[in-house]
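The next block holds one structure in the form of C-alpha cells; read it before the comments.
Numbers restart at 1 for each chain; the letters A, B, ... are given by sequence-line order, proteins then strands.
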Amino acid sequence: MRTLREGLILQAKAIKYGFTPTVFSSNQLIHLYSSNGLLKEAQRLFDEMPERNAFSWNAIVSAHVKARNLTQARALFEAATQRDIVTYNLMLSGYVSAEGYETDAVELFRQMQSMSDVIKLDEFTLTTMLNLVVKLSSVSCGRQLHSYMVKTGNDLNGFARSSLIDMYSKRESFGEALKVFGQLGGRVDLVSRNAMLAACCREGELGMASDLFWRETELNDAVSWNTLISAFAQNGFAEESVKMFVEMGKNGIRWNEHTFASLLGACSALKDLKLGKEIHCWVVKNGSILNPFISSGIIDVYSKCGNMKYAESVYATDEVVNSFSITNMIVGYSSQGNMSEARRLFDSLTEKNSIIWTALFCGYLKSQQCEAVFELLNEYRKWEPSNVLDPLIIVSVLGACALQAGLEPGKQTHAYILRRGIVMDEKLTSALMDMYSKSGSLGHAEKIFDEVIKRDLVHYNIMIAGYAHHGHRDRAFQLYHKMLDKSLRPDTVTFLALLSACRHCGLVEVGEKYFRSMTEDHNILPEIDHYSCMIDLYGRTNQLEKAVDFMKTIPTDFDAVIWGAFLNACKLNGKLQLAREAEKRLLAIEGENGSRYVQLANLYAEHGDWAEMERIRRKMRGKEVKKLAGCSWVYVENAVNVFTSGDTSHGKAEAIYSTLGFLTGELSEMADRRIRESSPTL
DNA sequence: TGGTACGTTC
C-alpha cells in the first residue's frame with residue numbers, strides 16, 4: 001500500500017466486507033492520509049481502531065505535528081499508552097520547527113535526558129537539537145552537543161555530520177564547518193557533501209562550491225544542483241544560474257519545485273519575461289503553482305518585467321494568504337509608480353508583517369512622495385506602537401528627509417536610532433550621512449563617516465558627493481585618492497561625484513583627467529550623466545568648441561539630457577546658431593516636456609532675441625504642454641512649507657506676505673544706504 | 001510502518 005488510492009480501496013473493502021484491517025495497515029493508512037493533508041480522516045481512523053500499538057500513536061502524533069497542530073499533538077503524546085524514542089523525537093522536531101515553542105523544546109529535551117533508563121537519545125534527537133541551537137544562536141550548546149555526539153558515536157551518521165556542518169556554518173564559523181567535513185576523509189557521503197556545498201554558498205565561496213561540485217559530478221543529486229542554481233541566483237550570477245539549470249536537465253537529473261523556485265530568482269533578476277512564461281507553463285502543468293514559493297516567485301518575475309496584469313492574474317490564484325506574493329505585488333506597483341494601487345492592496349490586508357510595511361515605505365520614497373512616507377510612519381506607530389522600527393523603514397524615512405533637506409526630522413530619526421539602541425549597519429550609516437549632507441550639515445555627515453569602522457564604497461561616494469556639492473573640491477579629490485589607497489574600486493557614482501566637483505569649480509583639465517581615468521584605469525563605461533556633466537563643464541568655461549568635439553565622441557544616441565546640457569552651454573556662450581540646432585534635436589526627443597520650452601525661451605530672451613522667444617512660446621502653447629512650476633520650500637514647525645511664484649494657498653499666506661514685504665523693504669533700504677555710503681556725494 | 005539536507009519578499 002503505497003498510494004492514497006490503494007489505501008482508500010483497502011478501507012472501502014474493509015467496510016463493504018465487514019473486516020477489520022490489521023493494525024499495520026491502519027497505521028500505514030494514517031500516514032497516507034496525513035501526507036495528503038487529510039488530518040481529519042487520519043484522526044477518525046485512529047479513533048475507530050479497536051487495537052493500537054506504539055506505531056499507531058507515533059503515526060497520529062506525526063500527523064498532527066505535520067499539520068502544525070502542536071497542542072493536539074502534545075495531548076495525544078501525553079495520552080499515548082506506548083511511547084518510544086520516535087514519539088519523543090516527533091514531538092521535539094514539532095517544537096523546534098514551529099515558531100515560539102523553543103522553551104517547550106528545551107523542556108522536553110531535559111525530560112528525555114532524565115529518562116535515560118527508558119529511552120536512549122539517538123542521532124535524530126541530536127540533529128533536531130542542533131537545529132534548535134541554530135535557531136537560538138546558542139553556539140556553546142552546539143559544541144556540547146557535538147562532544148556528546150562524538151562520545152556516544154552518534155557523529156558517524158551522514159545526517160548527523162550534515163547537521164553539524166550546517167550548525168557551524170550558520171552560527172559559528174565556516175572554518176569549523178570545513179573541519180567537520182575534512183574529518184570525513186575519503187568517506188564523504190552525499191548528505192554531508194550537500195551540506196558542505198550549501199555552507200560554501202552561504203559563505204559566498206562560490207568558487208569553492210563549484211570546485212567541490214565539479215570534482216565528482218557523478219555524486220551530484222537534485223539537491224546538489226539546486227543548491228548551486230540558487231547560490232548563483234542569489235549572488236548576482238543570474239546567467240550562470242540559468243546555465244546550470246539547463247545543464248542539470250542535460251545531465252538527466254529531474255527538475256523539481258526547489259529547482260524552479262531558485263530559477264525564478266534568476267529569471268526575475270534578468271527580467272526575462274520569455275523564460276518566466278515558460279516556467280509559468282511548466283508549473284501550471286505540474287500543479288506546482290499552488291506551492292507558495294513558486295507562485296510568489298512568478299509574481300516577482302512578472303512584476304520585475306513591469307507586467308502587472310500577469311502578476312495580478314497569478315496573485316488571484318493564491319489560495320492562502322502569502323506574504324511573499326503580497327510584498328512582490330506592492331514592490332511591482334511601486335516600481336511602476338502606481339502607489340495608489342500599492343496602497344489599495346496594502347489597505348485590503350487584515351494582517352501586515354514588517355516587510356510588507358517596509359515595501360510600502362520604500363515605494364513611496366522611490367516615487368519621491370515624502371509626505372506619504374511621514375504619514376505612513378505615523379500610521380505605523382499607531383498600528384504597532386510597541387514595535388521598534390525596522391532598520392529599512394528608518395532608511396526610507398531618512399531618504400525622505402534627505403529629499404526634503406529636512407534636517408530637523410532627520411536629527412529626530414538619528415536620535416531615535418541611538419535611543420532604541422538600533423545596530424548601525426552600513427545601510428543606516430550611509431542613509432544618515434546622505435541625509436546630513438543633503439540637508440546642509442556636512443560636518444555631521446563627516447562625523448559619522450569618521451566613526452564607521454568598515455567603510456564601503458557607498459560611504460565614500462556619499463562623502464565625495466557631499467564635498468563636491470558643498471564646494472570642497474580638494475577634499476573631494478583627496479578622499480577619492482584615500483579610497484583608492486584602501487583598495488576600494490570606484491563605480492559610476494564615484495565618478496559622477498568627482499565630475500560634478502569639477503563642474504562646480506570649472507576645472508576642465510582635472511575633469512578631463514577623471515573622465516579618461518574612468519575607462520582607461522577602471523574599465524567603467526561613462527553613462528549619459530557623465531557625458532552631460534562634461535558638456536556642462538565645457539559650457540561653463542566658455543569652451544563650446546570643445547563641447548562640440550566632445551559630443552562627437554559620445555557613442556550612444558544623444559538623449560534629451562545631453563542636448564539639454566548642450567543647450568545650456570549655448571546659452572552661457574551666446575551661441576544662438578548652435579542653440580537652434582540643439583532645439584530641433586531636443587524637441588524631437590522631448591517635445592512633451594514643458595521645461596525644455598521654458599529653457600529655450602529663456603535662452604533667446606537672455607540674448608534679446610524676442611522674436612525667437614515668442615516663436616518658442618507659441619510652439620509651447622500649440623503643443624498644449626505645461627511646465628511644472630518650480631518651487632522652494634522650508635521646514636518649519638514639523639512640516640514642509642512649499643512656495644511657488646504668486647501662490648496664496650498657504651494657511652498663513654497673509655502673515656507670510658506681510659513679513660516678506662517688510663523684509664524686502666528693509667533690504668532695499670539697506671542696499672540704498674550702502675550705495676549712498678560708498679558713492680561720492682552727488 | 002516512524003523522524004533531519006536544497007527554495008522567496010523590503
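Counting any heavy atom pair closer than 4.0 Å across all strands shown, A:Ser296 reaches a base atom. Among the protein residues, A:Glu257 comes within range of the nucleic acid bases, having at least one heavy atom under 4.0 Å from a base atom. A:Asn328 comes within contact range of the sugar-phosphate backbone alone, with a heavy-atom separation under 4.0 Å but no base atom that close. When heavy atoms are screened at a 4.0 angstrom cut-off, A:Asn291 is found touching base atoms of the nucleic acid. Residue-level contact check: A:His31 touches the backbone only, with heavy atoms under 4.0 Å from sugar-phosphate atoms and none from bases. A:Asn322 comes within contact range of no nucleotide atom at all, as no heavy-atom separation falls under 4.0 Å.
With B:dG2, B:dC6, B:dC10 as the choices, the nucleotide that has an atom nearest any side-chain atom of A:Asn58 turns out to be B:dG2. When distances run from any side-chain atom of A:Phe159 to the nucleotides B:dC10, B:dT4, B:dG2, the shortest one goes to B:dT4. Residue A:Gln234 places its side chain closer to B:dT8 than to any other of B:dT8, B:dA5, B:dC6. With distances taken from any side-chain atom of A:Asn53 to the nucleotides B:dT1, B:dG7, B:dT9, the minimum falls on B:dT1.
Take A:Glu341 and apply the side-chain contact (heavy atoms from CB on, under 4.5 Å) test, not counting sequence neighbours, and it matches A:Tyr333, A:Asn338, A:Arg344. Not counting sequence neighbours, A:Arg44 has no partner by the side-chain hydrogen bond (donor to acceptor under 3.5 Å, both in side chains) test. Judged as a side-chain contact (heavy atoms from CB on, under 4.5 Å), and not counting sequence neighbours, the contacts of A:Leu4 are A:Leu8, A:Leu32, A:Tyr33, A:Asn36, A:Leu38.
Per the geometry, CG belonging to A:Asn226 stands 14 Å off P belonging to B:dA5, to the nearest Å.
No N or O donor and acceptor, one from the side chain of A:Ser163 and one from the base of B:dT4, sit under 3.5 Å apart. The base of B:dT4 lies outside donor-acceptor range of the side chain of A:Thr127, with no N or O pair under 3.5 Å. Between the base of B:dC6 and the side chain of A:Thr227 there is no donor-acceptor pair shorter than 3.5 Å. Below the 3.5 angstrom threshold, one finds a donor paired with an acceptor across the side chain of A:Asp84 and the base of B:dG2.
Aromatic ring centres of A:His64 and A:Phe77 lie farther apart than the 6.0 Å criterion allows. The distance between the ring centers of A:Phe46 and A:Trp57 falls below 6.0 angstrom.
Taking every heavy atom of residues 337-355 of chain A and every atom of DNA chain B, pairs under 4.0 Å involve A:Ile355, by number.
Within the structure, the side-chain hydrogen bond (donor to acceptor under 3.5 Å, both in side chains) test picks out the following pairs touching residues 126-137 of chain A (sequence neighbours left out): A:Glu102-A:Lys135, A:Ser137-A:Arg171. Residue pairs meeting the ring-ring contact (aromatic ring centres under 6.0 Å, His included) criterion with at least one partner in residues 276-305 of chain A, sequence neighbours excluded, are A:Phe260-A:Trp282, A:His280-A:Tyr302, A:Tyr302-A:Tyr310.
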